Amino acid sequence: MTSTLKENDGGVKDLYGEDNATEDQLITPWHFSVASGSTLLRDPRYNKGLAFTEIERDAHYLRGLLPPAVYNQDLQEKRVMHNLRQYEVPLHRYTALMDLQVAIKVFLTPEFPYLQERNERLFYKLLIDNVEELLPVVYTPTVGEACQKYGSIYKRPQGLYISLKEKGKILEVLKNWPEKTVQVIVVTDGERILGLGDLGCQGMGIPVGKLSLYTALGGVRPSSCLPITIDVGTNNEKLLNDEFYIGLKQKRATGKEYEELLEEFMSAVKKNYGEKVLVQFEDFANHNAFTLLEKYSSSHLVFNDDIQGTASVVLAGVIASLKLIGGTLADHTFLFLGAGEAGTGIAELIALEISKRTKAPVEETRKKIWLVDSKGLIVSSRLESLQHFKKPWAHEHEPVKTLVDAVKAIKPTVLIGTSGVGKTFTKDVVEAMASFNEKPLIFALSNPTSQSECTAEEAYTWSKGRAIFASGSPFDPVEYEGKVFVPGQGNNAYIFPGLGLGLIMSGAIRVRDEMLLAASEALAAQVSEENYDKGLIYPPFTNIRKISASIAANVAAKAYELGLASHLPRPKDLLKYAESCMYSPGYRSYR
Ligand SMILES: O=C([O-])CC(=O)C(=O)O
Ligand SMILES: [Mg+2]
């Protein structure tokens with residue numbers, strides 16, 4: 001029983017067609033033929049469930065395999081949303097959504113329930129049409145809980161696992177992945193998952209979540225996205241003693257052993273997918289994140305979301321906020337709590353943007369930016385003992401031990417929390433900010449919600465309704481003295497999908513800071529007068545596809561300008577081109 005799927009998104013031929021098969025492939029035990037009947041229903045990439053039309057049911061041997069009703073995609077969406085809303089526990093919504101997403105045909109087995117609902121296009125349609133409701137489910141904060149419990153909720157591999165056991169064979173492992181046209185890899189080693197610490201192999205939830213946003217928010221085709229977790233062990237005792245832990249039960253490999261595995265991985269990626277595959281490093285610990293980015297940014301298309309993506313989204317928020325708090329970027333003074341990836345990444349991008357705007361050297365513009373780490377204010381007397389990424393921020397000042405004293409001494413106009421430690425913007429700190437700022441700008445960026453430096457309610461209450469507030473994890477609007485305040489979500493989810501699309505569509509071969517600045521400027525430009533009137537410094541996520549297209553266009557323009565784009569000639573209208581490249585999840589007709 002076979003039939004032909006005539007319309008496809010380009011992936012059909014690779015998976016089902018015989019056109020590309022070599023003699024070797026023909027004698028391997030697995031041979032893909034054209035899907036029909038129950039095989040088609042079991043394939044989430046092509047399954048439409050009850051939305052198969054009468055004609056398709058005849059043409060593809062589906063008669064009797066489905067109940068008689070024919071739904072359209074909107075009705076399916078309505079039904080799934082109705083069902084999802086019955087779950088009160090966010091993690092249950094997460095697992096239900098993941099069941100829908102299942103996208104890798106070779107891993108499917110017939111015993112999974114709700115066969116007709118595992119439907120990739122429906123999953124993305126749901127996410128796109130209900131982005132504000134579902135983002136906190138497939139992404140921060142629920143994805144954090146999912147990673148913590150990944151061993152128990154695990155049902156199927158959603159990405160590629162590369163562990164120390166695969167050393168020497170990584171290229172072969174990459175070849176096991178069923179999709180051949182990979183354009184974006186999000187990779188983690190699980191050592192610093194959000195602000196939750198070392199979750200080892202269970203960090204897989206993060207690349208999976210990030211890549212579902214690449215598709216839903218940035219329009220990158222699902223088949224082009226590859227989530228990878230590198231497992232070099234974990235130092236998390238709880239996981240090491242957990243019988244359901246899915247990773248290697250050993251302490252983390254470090255030093256040469258770690259570097260060699262990463263080196264093998266990076267060269268295998270380039271060998272298998274070429275120079276234009278984007279590798280997004282995600283949730284690595286500080287001690288590896290900076291080194292990896294530095295090492296591979298001159299030879300690969302790499303980008304660290306926690307250093308660069310977060311930086312770009314915060315810079316956009318700061319640029320937009322100038323409309324509300326006044327002054328130029330150079331007029332402001334910035335104080336950070338946290339001097340790791342996000343803190344130093346944001347600080348540097350702000351310094352670069354001020355330098356670009358004022359023509360002052362970046363060594364000068366950095367002086368408007370102060371960082372506090374676990375030992376207090378970073379000052380020049382600490383220079384010797386500082387890790388290399390903190391050194392540029394060691395300015396002349398007497399030592400200051402606590403955040404509240406640093407706030408009082410530096411008198412920042414902008415306070416940014418990136419330490420991964422919750423509840424550190426105390427009442428004292430917020431009140432101090434509000435005592436010398438008419439409108440203190442406060443970013444509580446640590447994730448998930450439990451690690452946020454303060455809640456939206458605390459920021460508004462303690463500043464008596466004067467703070468402009470944004471956080472990494474979502475908070476509901478807050479009512480204070482009869483007025484409703486809507487917090488912004490300064491999460492890198494605004495940036496990486498559009499940035500990635502811009503890099504892919506231009507065929508960029510390297511990521512440069514100028515591209516991050518271009519992304520920030522594009523995002524800031526999307527904040528409307530109507531948003532400003534509500535005190536918002538980010539546009540709503542409901543517009544994210546449009547926002548991503550405009551970020552992509554700006555990033556691609558920069559890639560062409562810098563001579564780093566390989567897709568020539570340059571399309572004239574990059575915005576239109578970006579929009580035309582975006583995957584859309586409406587069903588295709590199979591006739
Ligand atoms: O995943 C998020 O929500 C933002 C992020 O990159 C992190 O907190 O590490
Ligand atoms: Mg991250």
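Whatever order the structure lists them in is the order used to number ligands and atoms, beginning at 1. From a predicted model like this one, the values you see are computed outputs, not experimental measurements.
- Between Glu521 and Lys558, no side-chain nitrogen of the basic residue sits less than 4.0 Å from a carboxylate oxygen of the acidic one, so the salt-bridge criterion is not met.
- Under 4.0 angstrom from ligand 1, the non-hydrogen atoms of Asn492 all belong to its side chain.
- A donor atom on one side chain and an acceptor atom on the other are not found under 3.5 Å apart for Thr188 and Glu282.
- Contact atoms of ligand 1 toward Glu282: 6 (O) (distance under 4.0 Å to a heavy atom of the residue).
- In summary, the atoms of ligand 1 found under 4.0 Å from a heavy atom of Asp283, numbered by their order in the structure, are 9 (O).
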List the steps, then state whether side chain to side chain donor-acceptor pair (under 3.5 Å) holds for Ser163 with Glu166.
CA-CA 5 Å; Ser163 78; Glu166 278 71 57; 2.8 Å; yes
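- At a heavy-atom cutoff of 4.0 Å, ligand 1 is contacted by no atom of Val143, backbone or side chain.
- Counting heavy atoms from C-beta outward, Pro539 and Leu523 have side chains that approach closer than 4.5 Å.
- In this structure, Phe244 has its ring center no closer than 6.0 Å to that of Tyr150.
- Looking at atom 8 (O) of ligand 1, its nearest protein heavy atom turns out to be Asn447 ND2, 2.8 Å.
- Under 3.5 Å, the side chains of Ser528 and Asn531 contain a donor-acceptor pair of N or O atoms.
- Residue contact check: Asn491 has heavy atoms under 4.0 Å from atoms 2 (C), 3 (O), 4 (C) of ligand 1.
- Inside a sphere of radius 2.8 Å centred on the Mg ion (ligand 2), the protein N/O/S atoms present are Glu282 OE2, Asp283 OD1, Asp306 OD1.
- For ligand 1, the atoms lying closer than 4.0 Å to a non-hydrogen atom of Thr140 are 1 (O), 2 (C), 3 (O).
- The heavy atom nearest to atom 7 (C) of ligand 1, out of those in Ile206, Leu135, Ile307, Asp306, is found in Asp306.
- A salt bridge links Arg85 with Glu133: the closest approach of a Lys/Arg side-chain nitrogen to an acidic carboxylate oxygen falls below 4.0 angstrom.
- A salt bridge links Glu263 with Lys295; the closest basic N to acidic carboxylate O contact falls under 4.0 Å.
- Residue Arg192 has at least one heavy-atom neighbour below 4.0 Å for each of these atoms of ligand 1: 7 (C), 9 (O).
- With hydrogens and angles left out, the side-chain atoms of Tyr94 and Glu145 include no donor and acceptor closer than 3.5 Å.
- Side chain to side chain, Ser520 and Glu353 fail the donor-acceptor criterion of an N or O pair below 3.5 Å.
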